[in-house]
Student: 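One structure coming up, written as structure tokens, with questions to follow.
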Amino acid sequence: MTMDLKQVEQLLSKYWEGETSLSEEKQLQQFFSYGEVPAHLLVYRDLFVAQEIILNPDLGLDFDREVLDKLDTSENSTRWNFVRIAAIGLILIVTAIGFFKLNNTTNTQPIAQEDTYQNPEEALAETKKAFAMMAVAFNKGQQPVMNIVKLDKTNQKVAKAFGRTSQLPILNE
Amino acid sequence: MKKIITLFTALLIVGAMNAQSIITTEFSDYETNESFTRVSISKKMFEIIANLDPDDAEEKDLIESVSKLDGLKIIVADSSENPKALFDDTMKRLPNRFEELMTVNDEDEHIVFLIDEKDGRVKELIMVMKGDDEFVMLSLFGDIDLKEISKISRQMNIDHMDKLENLEDDDED
């Protein structure tokens, strides 16, 4: 919808007189918004462009970007919220476990009282018995090793006695 | 995030259970079984024991290394139970963080020593024993110095050890 300059100037003078109809004003707005405005009419451009914007609110070029920005920040903030929730959850869990553990240690007091022996002498005697039991097993396990050591020593003695430096073949079997 | 929380929680729970014997955590049915002889000596009792005057050097060593323990638990099942089944069941149920330290087999006994070791520190030493008519499970937990314990075992005046020392003496003759 193009208008030539004459028409525009006619409409303009009509506009200044206040005689333009709404549709004529619209034509002017469109001309100034989208048409090629000659230099001497540039002064009026802002007026009509402003009208055009006010009357026909457009999403505008920035709209998408703004919305996207907003989306971005809202996505960000939900992410932040999640982190915050997770952190709170973690703190809760840690506190709960700390509490639980504390409770547990206070619970071990009764367990400590559940000690089989109330008398330290008796407890020591039992501990000794336990160690003795382990000692028997330990030594049983070590006895064959000791025997080999002993055998080795004997062999060395025999070897020495016979003037040999090498071990007797019995060990290698 | 969920995974991290789960991991964190799991770690905390594991941490919280650290100071407990395997007998408490995995074999609570043994601890509550009335037909077993159950002995429990707590950290507290060991702390009291640490204040006792030792009778001799051997006892002094024992008290010293025992004072670092968090506890000692012993389960003994006598002839009324089936020692073999108990032994096999126990070995099957042991978590695999336990490493076998030593096994002793002879005609009437089967003994296994296992340790729970992490970063060079032994947190728990257990002994599981099966005899003809007896099952024994023994757990030492806390800060365990294996050298110390084997030293104590050696010092303990046990028949086996005497024999060994006699052998050693014979050897020197």
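The basis for the numbers below is simple: all heavy atoms, side chains too, and nothing from hydrogens, waters or symmetry mates. First the proteins, then the strands, lettered A, B, ... as listed; each starts at 1.
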Student: Tell me the closest heavy-atom pair linking B/I111 and A/A137, and the distance in Å.
Tutor: CD1-CB, 3.5 Å

Student: Is B/D106 in contact with chain A via its backbone, its side chain, both, or neither, using a 4.5 Å heavy-atom distance?
Tutor: side chain

Student: Decide whether B/L114 and B/V122 are clustered together by the hydrophobic rule: side chain heavy atoms of Ile, Leu, Val, Met, Phe, Trp, Tyr closer than 4.5 Å, transitively.
Tutor: no

Student: Counting distance only, does the side-chain N/O of B/S40 pair as donor-acceptor with the main-chain N or O of A/T116 below 3.5 Å?
Tutor: no

Student: Can you tell me how far apart CD (B/E59) and NZ (A/K128) are? Round to the nearest 0.5 Å.
Tutor: 3.5 Å

Student: With rounding to the nearest 0.5 angstrom, report the CE to CE distance, B/M129 to A/M134.
Tutor: 13.0 Å

Student: Quick one: do B/M91 and B/V136 end up in the same hydrophobic cluster if we chain Ile, Leu, Val, Met, Phe, Trp and Tyr together by side-chain heavy atoms under 4.5 Å apart?
Tutor: no

Student: Under the criterion side chain to side chain contact (heavy atoms under 4.5 Å, CB included), which of B/I48, B/L52, B/I41 is the partner of A/L124?
Tutor: B/L52

Student: Quick one: OG on B/S42 to OH on A/Y117, what's the gap to the nearest 0.5 Å?
Tutor: 13.0 Å

Student: How many angstroms lie between atom CD1 of B/I49 and atom OG1 of A/T127, to the nearest 0.5 angstrom?
Tutor: 4.5 Å

Student: Do B/I22 and B/L138 sit in one hydrophobic cluster, given that two such residues count as connected whenever their side-chain heavy atoms are within less than 4.5 Å of each other, even indirectly?
Tutor: no

Student: On a heavy-atom basis, which atom in B/M45 and which in A/P120 lie closest, and how many Å separate them?
Tutor: SD-CA, 3.6 Å

Student: Is the CG atom of A/L22 crowded by more than 12 outside heavy atoms at less than 6.0 Å?
Tutor: no

Student: Would you say CD of A/E36 has more than 12 non-hydrogen atoms from neighbouring residues, nucleotides or ligands within 6.0 angstrom?
Tutor: no

Student: For the CD1 atom of B/I74 and the CE atom of A/M133, what is their distance to the nearest 0.5 Å?
Tutor: 5.0 Å

Student: Do you know which of B/N105, B/L62, B/L72 has the most heavy-atom pairs with chain A at a distance under 4.5 angstrom?
Tutor: B/L62

Student: Shared ILVMFWY cluster between B/L140 and B/V39, side chains joined below 4.5 angstrom?
Tutor: yes

Student: What part of B/M127 gets closer than 4.5 Å to chain A, counting heavy atoms only: side chain, backbone, both or neither?
Tutor: side chain

Student: Around atom NZ of A/K129, are there more than 12 heavy atoms from other residues, nucleotides or ligands closer than 6.0 Å?
Tutor: no

Student: Are A/L41 and A/W16 linked, directly or through intermediate hydrophobic residues, by side-chain heavy-atom contacts shorter than 4.5 Å (ILVMFWY only)?
Tutor: yes

Student: For B/R93, I'd like to know if atom CZ has over 12 heavy atoms of other residues, nucleotides or ligands within 6.0 Å.
Tutor: yes

Student: Under 4.5 Å from any heavy atom of chain A, what part of B/V66 do you find: side chain, backbone, both or neither?
Tutor: side chain

